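Model, not experiment: these values are computed from the prediction. Count residues from 1 along the sequence.
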Amino acid sequence: MRRLPFDEAIASAALVLMTLIPLIEIALRPLHGRGIDNAPLLVQHLGLALAMFGAILAERSGHLTTLGGGLAASRSPRVQQAARIFANASAALLAGMLAAASWAFVASELDAGRELAYGLPVWAVQVLMPVGFAILAVRLGARGAGRAWVGVLTGTGLAAAGFLFARHFDGSSLPLLPFVLWLLAVLLAGAPVFAALGGLALALFWSEGQPLASVPLSHYQITVNPSLPALPLFTLAGLVFARSGAAARLGALFTACFGGGPLGTVAAAAVLCSFFTAFTGGSGVTILALGGLLLPLLRDAGVPERRGISLVTSASALGVLLAPSVPLIMYAIIARVPINTMFLAGLLPALVMVAFLLVFGGYLRRGEAATVERPKADLRRALAAAWAARWEILAPLVAIGSLASGIATPTESAALTAAYAILTQAVAHRELDWALLRRCLADCAQVIGGVMVILGMALGLTNYLVDAGIPDAAVEWAQAALPGKFAFLLALNLFLFAAGALMEIYAAIVVLVPLLLPVAVSYGIDPVHFGVIFLAVMEMGFLCPPAGMNIFFASAMFAKPIREVAVSVLPALLAIFLGALVISWVPEIATWLPRVVGGG
């Protein structure tokens, strides 16, 4: 077997251990009353290793999130090249500064002498932050160099310059405006979002003369959050299902249940896309996994190609509200709401959103005239398809049932689901070999690493804003400008729609939820209801450039111009917005099921 690159090897090993340790805990508790010493802390700190080396892996693969557009998308090759050089050099300097701030944080922890387990000191894991940011700085600075040694020298020089600058001015008071102007230019040039967010957080602390260690402290806090390991583990389970034949088996099941005609195939496609997005954690993955399967089915059922592309693209945004969606878990973590409560709260709103998409999006209109007789819904065929897809059907019961029953914690439930996905696809279906599992581990590490490095920087920025009293000021302003609850809800929907088009959903959750949740609570809106509103409206962001990745994935998958895909989803945007308004104004859609099941 080919030797793995060090970043992929470390990230994949961390992900495997994050799966195995909770499973060992579940097995040992009934036998011995206790399991591995400090197992939850070990798993949480493995999350830090996964976040840092997953980000390095994402950088190597060119998958670190950028805003896109701007100078980086200029038609002039010279402007493109200049923007690329400026963006990479600036990102390298910023990553070097983050490495210095992270080292200051680790140095402050050295004297504490805290221990994780079995003699392993906490700082030995924390040191992965400065190491990771330093490697990112060197790699970003080396991008675009003609020769390898020139790239290494350039990247090392830029990383060292950023590191020394931050070390020298740590605790000093520096002007804010030049940093802000530079960071705006950096974003427009196509630099990774984490570098700009981290740079802004550093600049804000510099403007107050405060220690820079506060920024990596926030990154550390979010990566070792007790609920966070559920994110990569559920994502891994979804990727395993997406890369195997699960999509085809579920597609056959839904077609058998709904029939092969236009209406049945459209309904089956919408439900299947939503279900898959809930597991994969990223709706772009759903388009890649199901697009090639569903579009021919829709065409054969008489649905025009453009409408079929529009349906797959838009329905793949709707699984955000379904358990075990990664954004749903992330909101629960940030808002400090029980994860199982959010799982229950999202179920009925998800069904409402699918219904609004189908009805008001115009997808239930008759398509081209039928030229061949298509199969109708058939119980016998549905039972046969259900038996073939029995392992995939049971996956939500494993994920949600183990958590709701109290058998497992959120992390253990996620580990069970990941192990279940791997075993069923490898043993029951024999579709998952070592090469494919390696791809799933690497893809999961890239997704989570790229997301977590953004979240950590965004949380550092958010903590500054909270300390500065911005949420309190926002509450006072909103109450003065928006006299009633319904006016606030309408303004909230419009604002979140704009935010979803401009911000990646995970960064939006970390940055906006702490600012908007106190305002919503001041209007008497339940945090669970607010979370459902937030995620429902942010689903529209998947369909709006520049942050709307679904249209880019669909353009690549179906070989259609981006403009054509973007225009095709306009009716879906209106339908989703109307559904979000209904969920906003009828809170019982979100709160009824948690109240009935939870008894309160």
Using 0.5 Å steps for rounding, measure from the SG atom of Cys444 to the CG atom of Leu233. 7.5 Å
Looking at Glu588, is its backbone amide N or carbonyl O close enough to the side chain of His529 to form a donor-acceptor pair, meaning the two atoms are under 3.5 Å apart? no
Is any side-chain N of the basic residue among Arg438 and Glu8 closer than 4.0 Å to the acidic one's carboxylate O? yes
Could you check whether any side-chain N or O of Thr341 sits under 3.5 Å from a backbone N or O of Val337, counting only pairs where one atom can act as donor and the other as acceptor? no
For the pair Arg60 (side chain) and Leu57 (backbone), establish whether a donor and an acceptor sit closer than 3.5 Å, ignoring hydrogens and angles. no
Measure the CZ-CG distance between Phe234 and Leu328 for me, rounded to the nearest 0.5 Å. 10.5 Å
Can you name the closest pair of heavy atoms from Ala388 and Glu392 and give their distance? O-OE1, 4.2 Å
Go through it in stages, so that I can follow the logic: the residues are Leu432 and Phe241, the test is side-chain contact (heavy atoms from CB on, under 4.5 Å), and I'd like the CA-CA distance, side-chain angles, deciding distance and then a yes or no. CA-CA 10 Å; Leu432 183 69; Phe241 285 132; over 6 Å; no
Which pair of heavy atoms, one from Thr411 and one from Pro22, lies closest together, and at what distance? CG2-CG, 4.0 Å
Leu311 and Ala269: which non-hydrogen atoms are nearest, and at how many Å? CD2-CB, 3.9 Å
So how far is it from Leu321 CG to Leu348 CG, rounded to the nearest 0.5 Å? 11.0 Å
Close side-chain approach of Val567 and Arg306, heavy atoms under 4.5 Å: yes
The reported gap from CD1 in Ile448 to OG1 in Thr223 (rounded to nearest 0.5 angstrom) is 12.5 Å
Value rounded to 0.5 Å, distance of OG in Ser314 from CE in Met353: 11.0 Å
So do Ile509 and Leu535 actually touch side chain to side chain, heavy atoms under 4.5 Å? yes
Mind checking whether Phe495 and Val537 have side chains closer than 4.5 Å, heavy atoms only? no
Do the side chains of Ile576 and Leu318 get nearer than 4.5 Å, heavy atoms only? yes
Over 60° means perpendicular and under 30° means parallel, so tell me whether Phe534 and Phe530 are parallel, tilted or perpendicular. tilted
Rounded distance [0.5 Å steps], CE in Met452 versus CZ in Phe194: 14.0 Å
Indicate the atoms forming the closest heavy-atom contact of Val354 with Ser274, along with that distance. CG2-OG, 3.6 Å
Do Val528 and Met342 pass the side-chain contact (heavy atoms from CB on, under 4.5 Å) test, and can you show the C-alpha distance, the side-chain angles, and the key distance before you say yes or no? CA-CA 7 Å; Val528 172; Met342 289 306 302; 4.0 Å; yes
Would you say that Leu581 contacts Leu489 through its side chain, given a criterion of any heavy-atom pair below 4.5 Å between the two side chains? no
Ser61 side chain to Ala58 main-chain N or O, any donor-acceptor pair under 3.5 Å? no
Is the shortest side-chain heavy-atom distance between Phe356 and Phe577 below 4.5 Å? no
Should Phe497 and Leu573 count as side-chain neighbours, where that means a heavy-atom distance under 4.5 Å? yes
Checking Tyr420 side chain against Ala237 main chain: does a donor-acceptor pair fall under 3.5 Å? no
If you compare all heavy atoms of Val398 against all heavy atoms of Ser413, which two are closest, and at what distance to 0.1 Å? O-OG, 4.2 Å
Does some side-chain heavy atom of Leu46 sit less than 4.5 Å from a side-chain heavy atom of Ile21? yes
Please give me the minimum heavy-atom distance between Ser310 and Ser568, naming the atom from each residue. OG-O, 2.7 Å
